[in-house]
Amino acid sequence: MRRGNHRKHGRETTQRNALYKGLATALIDHGQIKTTQAKAKSLVSVMDKLITLAKRQTLNARRELAKTLGEKAVKKIMDEIAKTYTERHGGYTRMIRLGQRKSDGAEMALVELMK
């Protein structure tokens, strides 16, 4: 088993978790966000785990989500988003590559929640 084989984005663990919290909250609020390709790849796996957890619809799942997300985001993911994916087994998010950013040439991507 390979351990520690994940993107670090040049950040410490707490900073990386804060980055994922901000990206996930923005995706929950807006339905789609535009970010760099590396962050988008990480966000897809994070969001799939959060939505799978929210599909349980239990108090424990709500408290586990509250460790990662804010109060408004937990309410929206539990009440609205998770209910639309009850019949779906994974693949809740889509990543579309957009090409390079003009200023620094970073590969950009659009991340959106599947319908």
Side-chain angles (χ1 to χ4, degrees):
M1 174 185 278
R2 293 183 184 208
R3 290 194 168 92
N5 193 13
H6 60 276
R7 290 173 195 84
K8 294 188 178 181
H9 305 293
R11 292 168 166 85
E12 295 177 1
T13 305
T14 54
Q15 295 170 342
R16 193 167 47 251
N17 291 339
L19 172 72
Y20 293 152
K21 177 182 179 177
L23 289 172
T25 303
L27 183 58
I28 291 167
D29 287 345
H30 302 294
Q32 68 179 15
I33 59 170
K34 184 176 164 184
T35 184
T36 62
Q37 190 173 315
K39 290 177 188 172
K41 286 181 180 180
S42 297
L43 178 62
V44 166
S45 65
V46 169
M47 278 304 296
D48 284 352
K49 290 173 187 169
L50 292 176
I51 293 173
T52 302
L53 184 61
K55 282 173 56 177
R56 290 192 212 158
Q57 295 292 320
T58 62
L59 179 61
N60 186 37
R62 186 176 291 271
R63 287 177 176 165
E64 288 292 323
L65 286 170
K67 290 179 183 178
T68 307
L69 300 173
E71 196 174 313
K72 286 172 53 179
V74 170
K75 183 169 176 50
K76 186 169 182 180
I77 198 170
M78 290 287 285
D79 297 340
E80 299 171 22
I81 296 173
K83 291 184 180 175
T84 61
Y85 297 121
T86 53
E87 298 298 317
R88 193 177 189 109
H89 301 291
Y92 311 114
T93 53
R94 173 191 299 150
M95 184 184 85
I96 302 169
R97 296 171 190 233
L98 299 175
Q100 293 183 328
R101 185 163 49 195
K102 197 157 188 98
S103 62
D104 62 353
E107 292 288 335
M108 298 299 289
L110 181 76
V111 180
E112 60 186 7
L113 294 171
M114 299 287 286
K115 298 295 176 198

Can you measure from [atom1] ([X]) to [atom2] ([Y]) and round to the nearest 0.5 angstrom?
X	Y	atom1	atom2	value
Leu65	Glu71	CG	CD	13.0 Å
Met108	Lys39	CE	NZ	8.5 Å
Asp79	Arg62	CG	CZ	5.5 Å
His9	Gln15	NE2	CD	12.5 Å
Leu19	Thr14	CG	OG1	11.5 Å
Thr52	Tyr92	OG1	OH	3.5 Å

Taking every non-hydrogen atom, the tightest pair across [X] and [Y]:
X	Y	result
Thr68	Lys21	O-CG, 3.2 Å
Met95	Gln37	SD-O, 4.2 Å
Gln32	Leu110	OE1-CD2, 3.9 Å
Ala106	Thr36	CB-CG2, 4.5 Å
Lys83	Thr86	O-CG2, 3.4 Å
Ala109	Leu98	C-CD1, 3.9 Å

Look at the side chain of [X] and the backbone N and O of [Y], then say whether any donor-acceptor pair between them is shorter than 3.5 Å.
X	Y	value
Lys72	Asp29	no
Tyr85	Met114	yes
Thr84	Ile81	yes
Glu112	Gly31	no

Candidates Leu69, Ile33, Ile51 - the one meeting side chain to side chain contact (heavy atoms under 4.5 Å, CB included) with Ile28: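 Among the candidates, only Leu69 passes.
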With a 6.0 Å cut-off (strictly less than), is the heavy-atom count around CZ of Arg97, excluding the residue itself, greater than 12?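 Counting other residues, nucleotides and ligands, CZ of Arg97 stays at 12 neighbours or fewer.
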Return yes when atom NZ of Lys76 has more than 12 non-hydrogen atoms of other residues, nucleotides or ligands closer than 6.0 Å, and no otherwise.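 Counting other residues, nucleotides and ligands, NZ of Lys76 exceeds 12 neighbours.
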Under the salt bridge (Lys or Arg N to Asp or Glu O under 4.0 Å) test, residues paired with Glu80 that sit two or more places apart: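 By the salt bridge (Lys or Arg N to Asp or Glu O under 4.0 Å) rule, Glu80 matches no residue at all.
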Beyond-backbone contact of Leu23 with Leu27, side-chain heavy atoms, under 4.5 angstrom: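 Of all side-chain heavy-atom pairs linking Leu27 with Leu23, none is under 4.5 Å.
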State which residues pass side chain to side chain contact (heavy atoms under 4.5 Å, CB included) with His6; sequence neighbours excluded, sorted by chain then number.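 Expected list: Lys8, Arg16.
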